[in-house]
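All values below were derived from every heavy atom in this structure, side-chain atoms included, with hydrogens, water molecules and symmetry-related copies excluded. Count residues from 1 along the sequence.
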Amino acid sequence: MAATKELSVEDKLRAIYDLQLIDSRIDEIRNVRGELPLEVEDLEDEVAGLSTRSEKLKKDLETIEEVIKVKKNAIDEHKEAIKRYTKQQDTVRNNREFNSLTKEVEFQELEIQLAEKQIKEMKASIEHKKEIIAESKERLETKTNHLKHKKSELDDIMAETAKEEAFLSDKSAEYRAGIEPRLLAAYDRIRSSVRNGLAVVSIERGASAGSFFTIPPQTQVEIAARKKIITDEHSGRILVDTALADEEKVKMEQLFAKF
């Protein structure tokens with residue numbers, strides 16, 4: 001491509017319209033992927049979250065089971081203490097010692113009752129957590145399978161379009177390098193402000209493509225003359241005449257046909 005300073009207005013219009021056609025083709029490729037990359041990312045986060053939750057629940061179970069063991073050992077110790085205090089009651093020398101041992105037995109019995117109550121509550125908690133773990137496991141399997149399907153779908157699309165997208169991205173960079181900075185900045189500004197990414201459009205039935213606002217005949221003549229860069233007063237898009245647009249479309253279609 002010739003140096004930027006040597007480009008005529010017509011050459012600039014052709015270059016910027018070619019860039020638009022290339023970028024629009026890249027947009028089409030990316031639109032085919034649609035929301036799929038985001039879906040995959042969300043599913044990956046969800047699967048990771050479910051896995052982390054399941055692991056935490058399993059560790060919680062292990063902790064509760066260890067506490068139950070400690071409580072059961074404590075119950076055994078309390079029972080041994082009761083046996084010991086009861087036996088000591090047979091050899092006491094007075095009522096004060098007997099009553100003191102009786103209180104110790106009662107205390108140990110209360111400790112046993114408390115421990116048994118806690119064990120019962122913890123066992124109920126275990127059953128509840130096991131239900132949650134089972135539900136989480138089922139949900140994790142479903143989400144994992146869904147993720148595999150979506151990843152496979154995305155991989156297929158990427159395999160089909162990756163080379164073309166890379167090629168077109170290189171071409172886009174090549175064309176951008178040959179366009180004067182001020183015109184390129186205007187192109188980027190317009191492109192980023194419109195939903196469909198069309199910064200350069202042709203005249204169709206007396207109006208800019210996609211618009212219902214008629215362009216004055218004199219302005220259409222000026223656009224067709226290709227002597228200056230003209231923008232649509234309603235949308236701000238850069239305008240090219242239909243003949244130029246058709247010529248560049250044929251040229252770009254030959255480029256796209258390589259894929």
task: With rounding to the nearest 0.5 Å, note down the distance linking CD in Gln88 to OG1 in Thr91.
output: 6.5 Å

query: Under the 3.5 angstrom rule, does the side chain of Thr52 hit a backbone N or O of Ala48 as a donor-acceptor pair?
result: yes

- prompt: Do Ile119 and Ile75 come within less than 4.5 Å of each other through their side chains, counting heavy atoms only?
  reply: yes

field: Atom pair CZ (Phe256) and CD (Glu164), whose distance is rounded to the nearest 0.5 Å
entry: 8.0 Å

query: Nearest heavy-atom pair of Leu255 and Lys171: which atoms, and what distance?
result: CD1-CE, 4.1 Å

Glu65/Lys69 under salt bridge (charged side-chain N to carboxylate O under 4.0 Å, His left out): CA gap, chis, key distance, verdict: CA-CA 6 Å; Glu65 286 169 352; Lys69 286 180 183 178; over 6 Å; no

message: Given 3.5 Å as the limit, does a donor-acceptor pair link the side chain of Ser172 with the main chain of Leu168, or not?
response: no

- request: For residues Leu13 and Ile238, report the shortest heavy-atom separation together with the two atoms involved.
  value: CD2-CG2, 4.3 Å

field: Identified side-chain hydrogen bond (donor to acceptor under 3.5 Å, both in side chains) partner of Lys251 from the options Gln254, Glu247, Glu248
entry: Glu248

query: Are Phe213 and Ile190 in one and the same hydrophobic cluster, where Ile, Leu, Val, Met, Phe, Trp and Tyr link if side-chain heavy atoms are under 4.5 Å apart?
result: no

- prompt: Going by heavy atoms in the side chains, are Lys150 and Leu154 under 4.5 Å from each other?
  reply: no

message: Could you measure the distance from the CD1 atom of Ile16 to the CG atom of Asp11? Nearest 0.5 Å is fine.
response: 13.0 Å

- request: Using salt bridge (Lys or Arg N to Asp or Glu O under 4.0 Å) as the criterion, list what pairs up with Asp241, not counting sequence neighbours.
  value: Arg226

message: Looking at Glu180 and Lys12, is there a salt bridge between them, counting it only when a charged N and a carboxylate O are closer than 4.0 Å?
response: yes

field: Closest non-hydrogen atom pair, Ile215 against Ile203
entry: CD1-CD1, 3.1 Å

query: Among pairs that include at least one residue of residues 118-136, which meet side-chain hydrogen bond (donor to acceptor under 3.5 Å, both in side chains), considering only residues two or more places apart or in two chains?
result: Lys71-Gln118

- prompt: Do Arg14 and Glu10 touch side chain to side chain, with heavy atoms closer than 4.5 Å?
  reply: yes

message: Salt bridge or not between Glu77 and Arg84? Use side-chain N to carboxylate O under 4.0 Å.
response: no

query: How far does CG of Asp23 sit from CZ of Arg176, to the nearest 0.5 angstrom?
result: 7.0 Å

query: Passes salt bridge (charged side-chain N to carboxylate O under 4.0 Å, His left out), Lys227 versus Glu222? Steps please.
result: CA-CA 7 Å; Lys227 297 299 182 184; Glu222 291 175 356; over 6 Å; no

Sidechain N-carboxylate O distance under 4.0 Å for Arg33, Glu165: yes

- prompt: Salt bridge check: are Asp27 and Arg191 linked by an N-O gap of less than 4.0 Å?
  reply: yes

- prompt: What about Met252 and Ile179, same hydrophobic cluster or not, with Ile/Leu/Val/Met/Phe/Trp/Tyr joined at side-chain heavy-atom distances under 4.5 Å?
  reply: yes

- request: Carefully, step by step, assess Val240 and Val201 under the rule side-chain contact (heavy atoms from CB on, under 4.5 Å).
  value: CA-CA 6 Å; Val240 296; Val201 295; over 6 Å; no

- prompt: When you check the gap from the basic side-chain N to the acidic O, do Glu62 and Lys59 get nearer than 4.0 Å?
  reply: no

- prompt: Who passes side chain to side chain donor-acceptor pair (under 3.5 Å) against Glu44, sequence neighbours left out?
  reply: Lys151

task: Report yes if some heavy atom in the side chain of Thr231 is under 4.5 Å from a heavy atom in the side chain of Arg237; otherwise report no.
output: no

task: Start with the C-alpha distance between His146 and Thr142, add both sets of side-chain angles, then the distance that settles side-chain contact (heavy atoms from CB on, under 4.5 Å), and finish with yes or no.
output: CA-CA 6 Å; His146 190 41; Thr142 300; 5.6 Å; no

- request: Please answer whether the main-chain N or O of Ala199 pairs with a side-chain N or O of Gln20 as donor and acceptor at a distance below 3.5 Å.
  value: yes

- request: Identify whether Leu19 and Val194 are in the same connected component of the hydrophobic contact network (ILVMFWY, side-chain heavy atoms under 4.5 Å).
  value: no

Value rounded to 0.5 Å, distance of CD1 in Ile157 from CZ in Arg30: 14.5 Å

field: Asp60/Lys56 salt bridge by N-O under 4.0 Å criterion
entry: yes

- prompt: Strictly by modelled atom types, are Ser152 and Asp155 linked by a side-chain donor-acceptor pair under 3.5 Å?
  reply: no

Hydrophobic cluster identity match, Leu114 and Leu110, side-chain contacts under 4.5 Å: no

field: Between Thr102 and Gln89, a side-chain donor and acceptor under 3.5 Å
entry: yes

query: So does Glu80 pair up with Lys83, basic N to acidic O under 4.0 Å?
result: yes

field: Separation between NE2 of His78 and OH of Tyr85, rounded to the nearest 0.5 Å
entry: 10.5 Å

Expected output: side-chain Asn31 to main-chain Gly34 donor-acceptor under 3.5 Å: no

task: Return the minimal non-hydrogen interatomic distance between Asp232 and Ser235, and the atom names on each side.
output: OD2-OG, 2.8 Å

message: Quick check: is Ile112 connected to Leu101 through a chain of hydrophobic side chains (ILVMFWY, heavy atoms under 4.5 Å apart)?
response: yes

